[in-house]
2 protein chains.
Amino acid sequence: MPDNQDREPIVIPKPTLDRLKLYHRLLNEVEQKHISSEEIAQRIGTNAEQVRKDLTFLKTMGKPKVGYDVETLRQELEELFGVKKTTKVILVGAGHLGNALVNYPGFENYGIEIVAVFDKDPKKIGSFIGELSVLPMQDIGRVVKRFHVEIGIICVPKESAQEVAEILVSKGIKGIWNFAPTRLIVPNDVFVVDEDMTQSLLTLKHYLEIKKKKIQESHQNAEKS
Amino acid sequence: MPDNQDREPIVIPKPTLDRLKLYHRLLNEVEQKHISSEEIAQRIGTNAEQVRKDLTFLKTMGKPKVGYDVETLRQELEELFGVKKTTKVILVGAGHLGNALVNYPGFENYGIEIVAVFDKDPKKIGSFIGELSVLPMQDIGRVVKRFHVEIGIICVPKESAQEVAEILVSKGIKGIWNFAPTRLIVPNDVFVVDEDMTQSLLTLKHYLEIKKKKIQESHQNAEKS
DNA sequence: AGATAATTGTGAAATAAATAACGATAAAAA
DNA sequence: TTTTTATCGTTATTTATTTCACAATTATCT
């Protein structure tokens, strides 16, 4: 039995993966039959070489003088991201954010179906969010089993996020979409995607800081000359 | 007048900046007086060398055998991100998401104050979101001028996002926080941060796809042996 | 006070990613 | 049909980022 343990699985680099997502989004909006690496590049804001390089990770190939077949490429990306397969999801935390997510249009286009909403606040239980009635935390196990749920969305305050994560993991959830601004500690085989809005806020703030400094500098330079 | 145009402004690399944000978040949660690069690393999930290298972009220095002074470091990061300075922000799109953002606790901790909400739907105008009454789009210019608003949040459907972006830019907005799943085209001096939730959803989906493939493979291997 | 241990800061080496260069191919034009 | 042109796939080069290695420093221990 030869080398079995270390067969490298051709992992797509993270930066490439992030751009592939943008290509996917673009391809869904485009009308034409073919598209060139140059056009993709311009519309997502990168350069053609980058696009071509990224696409070498896929099977789809372009034709010289024509470009890539939009539909073929789109489908391969859909496949890559599993967009066609519907994934059942539960959401914990029936606050404003939870409400927004349940009502977010477009999840269905990505094969996400929120099947239940949970909250630990007894006052919220039984109330409706969209079409879904809020359930008590004890029901999580039952729902996960019944609907073969794979993903849990956490939108509770950061103080209870870890606790919720542990419950989800104990019920068999393998992917967590975490909206709480805290790092969750989970077993290795559980995948967490953080969606910390305060983090991107910092990007914006930082940009404004830099800008302010530049303006100050240019004033100083103007005075000197 | 010698080299003035190309004085390099010691730009912090993007990956480093992203980690600095995590350090900042961590430091706000920590009780102790000092912290080592090793501990920071463990708690945000990286290695100590990386942390130390990142911190070379800051002025704060650690002490051998002691680590970094939590408060000093925290304050320098606050400064870097401009967290202390309150930035006035307007929000366009009074839907579920807009509602969630207005009610999002924790923005104030980051020096963000939403001063007004706008929507183009006449039915929504005058209704309340949190403490704020929804205003018509025509009022944007007035509010931006009156409150010296620098940042606009877009949470309208993707179809109207570009249009809204153009309005904001024309009124003098310099930073846009874009929740619509589309790429905005704006002048060079306007900074856009995208918060496309469907994108991170794809990350999760992709992970599940890979996982599924691995399971299949291991079954096949099991059969063979 | 001197030895020991922990932990830093940083330059060098290794790795990863982006960009450039270019031959190959297919469509369009001559 | 031949030539020209646009565009691809891929290899080479350059740039950016991470990891490694280790001297320097400071607290703690003997």
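Letters go in sequence order (proteins before strands), and every chain restarts at 1.
Distance CD1 (A/I44) to P (C/dA18): 11 Å, rounded to an integer number of Å. Here the C1' atom of nucleotide D/dC8 and the CD1 atom of A/I40 are 12 Å apart, to the nearest Å. Distance NZ (A/K65) to P (C/dA26): 13 Å, rounded to an integer number of Å. Counting to the nearest Å, the P atom of C/dA18 and the CD1 atom of A/I12 are 13 Å from each other. Here D/dT17 presents its P atom at 16 Å from CG of B/N47, a figure rounded to the nearest Å. Atom C1' of nucleotide C/dA17 and atom CG of A/L20 are separated by 14 Å, given to the nearest angstrom. In this structure, B/K14 places its NZ atom 18 Å from C1' of D/dT15, rounding to the nearest Å. Across the protein-nucleic acid pair, A/L58 atom CG and D/dT10 atom C1' stand 16 Å apart, rounded to whole Å.
Comparing D/dT7, C/dG9, C/dA18 against the side chain of A/R19 picks out C/dA18 as the nearest. Side-chain proximity of B/E49 to the nucleotides C/dT19, D/dC20, D/dT18 is greatest for D/dC20. Residue A/M61 places its side chain closer to D/dG9 than to any other of C/dT8, D/dG9, D/dC8. Distances were taken from every side-chain heavy atom of B/R52 (C-beta onward) to each of C/dA5, D/dT10, D/dC22; the shortest belongs to D/dC22. Here D/dA27 is the nucleotide among C/dA21, D/dA27, D/dT17 with the atom lying nearest to any side-chain atom of B/K63. If you check C/dT25, C/dA18, D/dG9 against the side chain of A/Y68, the one that comes closest is D/dG9. In the set D/dG9, C/dT8, C/dT10, C/dT10 carries the atom at the smallest distance from any side-chain atom of B/T56.
Under the 4.0 Å criterion applied to side-chain N and carboxylate O atoms, B/E78 and B/K84 are assigned as salt-bridge partners. Of the charged side-chain nitrogens involved, at least one lies within less than 4.0 Å of a carboxylate oxygen, so that B/R25 and A/D196 count as a salt-bridged pair.
Residues A/K53 and B/V66 each lie close to DNA chain D; by heavy-atom proximity, the contact nearer the 5' end of the strand is made by A/K53. Remark on DNA chain C: of its neighbouring residues A/P64 and A/T46, the 5'-side contact belongs to A/T46, judged by nearest-heavy-atom nucleotide. Residue A/I35 is the one, among A/I35 and B/P13, whose nearest nucleotide of DNA chain D lies closer to the 5' end (criterion: closest heavy atom). Map A/T16 and B/L55 each onto its nearest nucleotide of DNA chain C; the residue landing nearer the 5' end is B/L55.
Side-chain rings of A/W177 and A/F107 approach one another, their centers coming within less than 6.0 Å.
A/I40 and A/L26 make their closest contact through CA-CD2, 4.0 Å (heavy atoms, listed as atom of the first residue, atom of the second, distance).
Contact between the side-chain N/O atoms of B/Q50 and the OP1/OP2 oxygens of D/dT19 is found at a separation under 4.0 Å.
Looking at B/K21 and A/S200, their side chains never bring a donor and an acceptor atom within 3.5 Å of each other.
Looking at heavy-atom distances under 4.0 Å, A/S37 makes contact with sugar-phosphate atoms alone, never a base.
By the neighbour-count criterion of 12 heavy atoms within 6.0 Å, atom NZ of B/K211 is densely surrounded, having more than that number from other residues, nucleotides or ligands.
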